[in-house]
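In the text below, chain A, chain B and the rest are named by the order of the sequence lines, each starting its count at 1. Worth knowing before you read on, the calculation uses all heavy atoms, side chains too, and leaves out hydrogens, waters and symmetry mates.
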Amino acid sequence: MTRYLITSALPYINGMKHLGNLVGSMLPADVYARFLRLEGEEVLYICATDEHGTPAEIAALEEGLDVKTYCDIQHQRQKDVYMRFGLSFDYFGRSSSPQNHELTQHFYRMLNKNSFIEERGIQQIYSLDDERFLPDRYVIGTCPKCGYDRARGDQCESCASLLNPSELVEPRSAVSGSRNLELRTSKHLFLRLDTLSSEIEAWVKSNTQWPKLTYSVAMKWLNEGLQPRCITRDLSWGVPVPREGYENKVFYVWFDAPIEYVGATKEWSDQDPSNRDWKSWWYDADDVYYAQFMAKDNLPFHTIVWPATILGTREPWTMADYIKGFNWLTYYGGKFSTSQGRGVFMDDALEILPPDYWRYFLISVAPESDDSDFTWDLFASVVNKDLAGTLGNFVNRTLKLVASRFGTGIPDGGQWGEHEDKLLAQCKDSIEEYRTALRNFEFRKAALALKKLWTHGNVYIDARAPWNLLKEDRDEAALVLRTCINLVRTYAIASSPLIPFTSEALFDVLGMTEEERKAGLDDALDLTALKAGRPFEVPPILFRRLDLEEVDAYRKRFAGTQD
RNA sequence: GGCGGCGUAGCUCAGAUGGUUAGAGCAUACGGUUCAUACCCGUAGAGUCACUGGUUCGAAUCCAGUCGCCGCUACCA
């Protein structure tokens, strides 16, 4: 039987991630993983923090911490917020782990053995006061073309000219401001993407089922022609390069980051070696279907560089079967911005509302085929209409009516009839639509199908009007309400990939056993599963509504500073 | 500068290989209901598919140009 391996792009260690990061990789991967588990599939969902590189070193420096400690803190902070969002990683690792170091060096050795590594000398700016090499963007100075005095060494943000750091007038270190810089030449290793190009292209072209975005990004790179790519850096924080003369260098983060997908799986495996086998997922694993999730900026690395790394080893490592790329979630038409504090970050979001509000909303507006835009008005309208109005209200009106007329036990009496047949048929259609959408990685469509499923309950209860039936035919009213309570169970099961916390709350309300909670999508369609006489509880309001005043306050609070 | 993407109802977005009256949700209007979180259900109106020209029997869908928005530019990740 097929086993499903799922990874979402590794969030960089540096700082809290925002809703755009979440919806572009981890959240849809989680929904997909939860959905497959609901279908009874064997799933391994792996993610990790991407910890190496200059930004981490500099952030640590700014906080007066050594980089290891800085990463320890940030990793815990990120992991914590992901757990609170209900991201159901089977393991959330760290690219700085010994497992990743070992694997990264292995990949390098194989590439080197197969002659896909080339050594070249390159020139870089060295800051004597900082005692480090500076990446181009960490050198700032006056632009030779427009005179802007804070141009970066890779590009002037004012006139958009592409620059070399050596072209800057009065260059200085972005780290310390020191002008004590010099150009030094050092040797570096390059991955021969050029010689692997035709193999990569053949692989890309064999994946015809990829989304348009993924495929076109890959082909764009291939058509432009691949160049050898530098995979080492003059840093100390990273994976050491096992080669003479490279004692003071490490691998470039982009080389070791994808390898951490494997590394994190080994971290997971090493915690319980007798029951977990990382290699069965990653090496010679014919029965594994591997799906990757990421935002579009990551696509070149996952369609070109990482596959090239694998192909170059000449070993049978698992390559992606499906690469789901997302566009951007914008914030009022612009970018979420950490530096300007613009947009909603994950910790802020949870401070305002529980995770399911965000999870449902984000999936329903996932930027799948185009960028999509976050506004508080849109958020409030989705929450109020779908979660509070359609789902929450159905649960509330049903359980309250039963409790007040029959007490808090599922009522007995009445005969299943044509109305119920019709309801069941509608639910079946919607669940099929939902299942198909998720199997095809169509998240917006899945959210819409789920919402449609929720609507059937309100249509049914309105058509049957049990509040009227109660006056004439108490048994018939009991049937209708018993069916509605079963529908709550249906919703709890089917909705769990998107709103897992709400599903659990509903299971609690219905007093379901651990065994009963394991029901899958097909079991969810049994509208007589909960028999008469079972007790239930009337829960507090499931989802609260957001009013204009509150929405207004959030818009102001998260607008950020203007330029 | 180069490259790429986008511009479809008031809003957010769908619309392979071009083919009947261009779709969904929200919002709006009207009607129904009163068990429920002033909620729910139904019906309706609403678009010269950015603009111009071209290819074609036929284009939102292909081509060229114009305008507008956005992103990337491989040593930030």
Side-chain angles (χ1 to χ4, degrees), chain A residues 9-14 50 52-56 58 122-125 133-139 145 152-155 159-162 164-165 188 193 212-213 216-217 220-221 223-224 226-227 229-230 232-234 252-254 257 296-298 300-301 304-305 327-328 330 333-335 364-375 377-382 384-390 392-405 442 444-445 447-448 451-452 455 457-470 477 480-481 484 540-545:
Chain A
L10 307 188
Y12 195 67
I13 191 69
N14 201 352
D50 175 16
H52 295 136
T54 312
I58 287 174
I122 61 171
Q123 292 192 320
Q124 268 185 296
I125 301 285
F133 282 94
L134 298 173
D136 291 358
R137 62 153 22 201
Y138 284 103
V139 182
K145 300 187 176 152
R152 296 191 326 219
D154 52 349
Q155 178 172 29
C159 72
S161 309
L162 287 183
N164 282 317
H188 281 278
L193 294 181
K212 229 166 60 178
L213 179 68
S216 62
V217 167
K220 181 196 156 201
W221 274 60
N223 290 336
E224 284 177 1
L226 301 180
Q227 306 298 319
R229 189 180 170 84
C230 186
T232 51
R233 290 292 184 276
D234 290 287
Y252 178 37
V253 277
W254 259 114
K296 58 185 170 188
D297 57 331
N298 270 314
F301 299 98
I304 305 291
V305 185
N327 285 287
W328 306 119
T330 55
K335 278 173 80 169
S364 74
V365 301
E368 292 184 281
S369 51
D370 195 0
D371 292 353
S372 69
D373 196 32
F374 179 96
T375 64
D377 286 329
L378 184 65
F379 176 66
S381 107
V382 170
N384 291 350
K385 182 73 188 169
D386 297 0
L387 293 178
T390 307
N393 184 50
F394 176 74
V395 172
N396 189 243
R397 70 196 295 203
T398 298
L399 299 181
K400 268 195 177 159
L401 183 59
V402 180
S404 72
R405 305 303 177 84
E442 297 173 303
R444 285 178 92 117
K445 209 183 260 186
L448 192 63
K451 189 204 150 164
K452 212 188 273 177
T455 302
N458 284 311
V459 173
Y460 173 75
I461 201 171
D462 277 353
R464 299 288 262 143
W467 46 91
N468 291 333
L469 286 174
L470 272 164
V480 170
L481 290 169
C484 286
I541 294 300
L542 236 40
F543 298 101
R544 71 177 184 85
R545 313 175 72 81

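Remark: the separation of the P atoms in B:rA22 and B:rU61 is 15 Å, to the nearest Å. Remark: the separation of the P atoms in B:rC57 and B:rC11 is 37 Å, to the nearest Å. Straight-line distance between the C1' atoms of B:rU17 and B:rG2: roughly 31 Å, to the nearest whole Å. Comparing the same atom, P, in B:rU66 and in B:rC3 gives a spacing of 13 Å after rounding to whole Å. To the nearest whole angstrom, the two P atoms, one in B:rA38 and one in B:rC49, are 42 Å apart. As rounded to the nearest Å, B:rA50 and B:rG5 have C1' atoms that lie 15 Å from one another. B:rA60 and B:rG7: their C1' atoms are spaced 12 Å apart (whole Å). Distance noted for atom P between B:rC26 and B:rC40: 9 Å (whole Å).
A:V365 is not listed as a side-chain neighbour of A:F374, based on a closest heavy-atom distance of 4.5 Å or more. Contact annotation: the side chain of A:E442 never approaches that of A:L448 to less than 4.5 Å [non-hydrogen atoms, C-beta and beyond].
When rounded to the nearest whole Å, the span between CH2 of A:W254 and C1' of B:rA74 equals 12 Å. Look at CG on A:N298: it is 12 Å from P on B:rA77, rounded to the nearest Å. Across the protein-nucleic acid pair, A:R229 atom CZ and B:rU73 atom P stand 10 Å apart, rounded to whole Å. The separation between A:D297 atom CG and B:rG4 atom P is 19 Å, rounded to whole Å. Summarising the geometry, the separation between NZ on A:K385 and C1' on B:rG25 is reported as 10 Å, rounded to the nearest angstrom. B:rC41 atom P lies 18 Å from atom CZ of A:R464, rounded to whole Å. If you take CG of A:L470 and P of B:rU34, they are 13 Å apart, rounded to a whole angstrom. As rounded to whole Å, 15 Å separates atom P of B:rA74 from atom CG of A:L226.
Within the structure, every side-chain polar atom (N or O) of A:K451 is placed at least 4.0 Å from both OP1 and OP2 of B:rA24. For A:K335, a side-chain nitrogen or oxygen approaches OP1 or OP2 of B:rC72 to under 4.0 Å. Under 4.0 angstrom from either OP1 or OP2 of B:rC76 there lies no side-chain N or O belonging to A:Y252.
The partner of B:rA36 cannot be assigned: no Watson-Crick or G-U wobble pair with both contacts below 3.5 Å exists in any strand. Across all strands shown, B:rU17 forms no Watson-Crick or G-U wobble pair with both key distances under 3.5 Å. Pair check for B:rG68 finds B:rC6; Watson-Crick or G-U wobble, both atom distances under 3.5 Å. Across all strands shown, nothing is found opposite B:rG58 as a Watson-Crick or G-U wobble partner with both distances under 3.5 Å. In this structure B:rA29 sits in a base pair with B:rU43, meeting the Watson-Crick or G-U test at under 3.5 Å. Of all nucleotides present, only B:rA24 satisfies the Watson-Crick or G-U wobble test against B:rU12, with each distance under 3.5 Å. In a base pair of the Watson-Crick type (N1 to N3 plus N6-O4 or O6-N4) or a G-U wobble (N1-O2 and O6-N3), with each distance short of 3.5 Å, B:rU73 is matched with B:rG1.
A:L399 comes within 4.0 angstrom of nothing in the nucleic acid, heavy atoms only. Using a 4.0 Å heavy-atom criterion, one finds that A:K296 contacts no nucleic acid atom at all. Heavy atoms of A:Q124 sit under 4.0 angstrom from at least one base atom. If you check every strand for non-hydrogen atoms under 4.0 Å, A:D50 touches sugar and phosphate atoms only.
With hydrogens and angles disregarded, no donor-acceptor distance shorter than 3.5 Å links the side chain of A:T330 to the backbone of A:K335. Formation of a donor-acceptor pair under 3.5 Å by the A:Y460 side chain with backbone atoms of A:T455 is not found in this model. Formation of a donor-acceptor pair under 3.5 Å by the A:D373 side chain with backbone atoms of A:G333 is found in this model.
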Checklist entry - Would A:K451 and A:S364 count as a side-chain contact (heavy atoms from CB on, under 4.5 Å) if you check the C-alpha gap in whole Å, the side-chain angles of each, and the deciding distance to 0.1 Å? => result CA-CA 10 Å; A:K451 189 204 150 164; A:S364 74; over 6 Å; no
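For the atom pair CD1 (A:I541) and CG (A:N396), the distance works out to 4.0 Å, reported to the nearest 0.5 Å. Here the CZ atom belonging to A:R229 is positioned 5.5 Å from the OH atom belonging to A:Y252, to the nearest 0.5 angstrom. For the atom pair CD1 (A:I461) and CG (A:L481), the distance works out to 6.0 Å, reported to the nearest 0.5 Å.
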Polar atom pairs between nucleotides 35-37 of chain B and protein, under 3.5 Å, N or O only, would you list them?
from, atom 1, to, atom 2, distance (Å)
B:rC35, O2, A:R397, NE, 3.1
B:rC35, N3, A:R397, NE, 3.2
B:rC35, N3, A:R397, NH2, 2.4
B:rC35, N4, A:R397, NH2, 2.8
B:rA36, O3', A:N396, OD1, 2.9
B:rA36, O2', A:N393, OD1, 2.6
B:rA36, O2', A:N396, OD1, 3.0
B:rA36, N1, A:R397, NH2, 3.2
B:rA36, N3, A:N393, ND2, 3.2
B:rA36, N3, A:R397, NE, 3.1
B:rU37, OP1, A:K400, NZ, 2.3
B:rU37, N3, A:F543, O, 2.7
B:rU37, O4, A:F543, N, 3.4
B:rU37, O4, A:F543, O, 3.4

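No more than 12 heavy atoms of other residues, nucleotides or ligands sit less than 6.0 Å from atom NZ of A:K445.
Here the nucleotide nearest the side chain of A:V459, chosen from B:rC41, B:rC70, B:rU12, is B:rC41.
RNA chain B is contacted by both A:V253 and A:N384; A:N384 maps to the nucleotide lying nearer its 5′ end (nearest heavy atom per residue).
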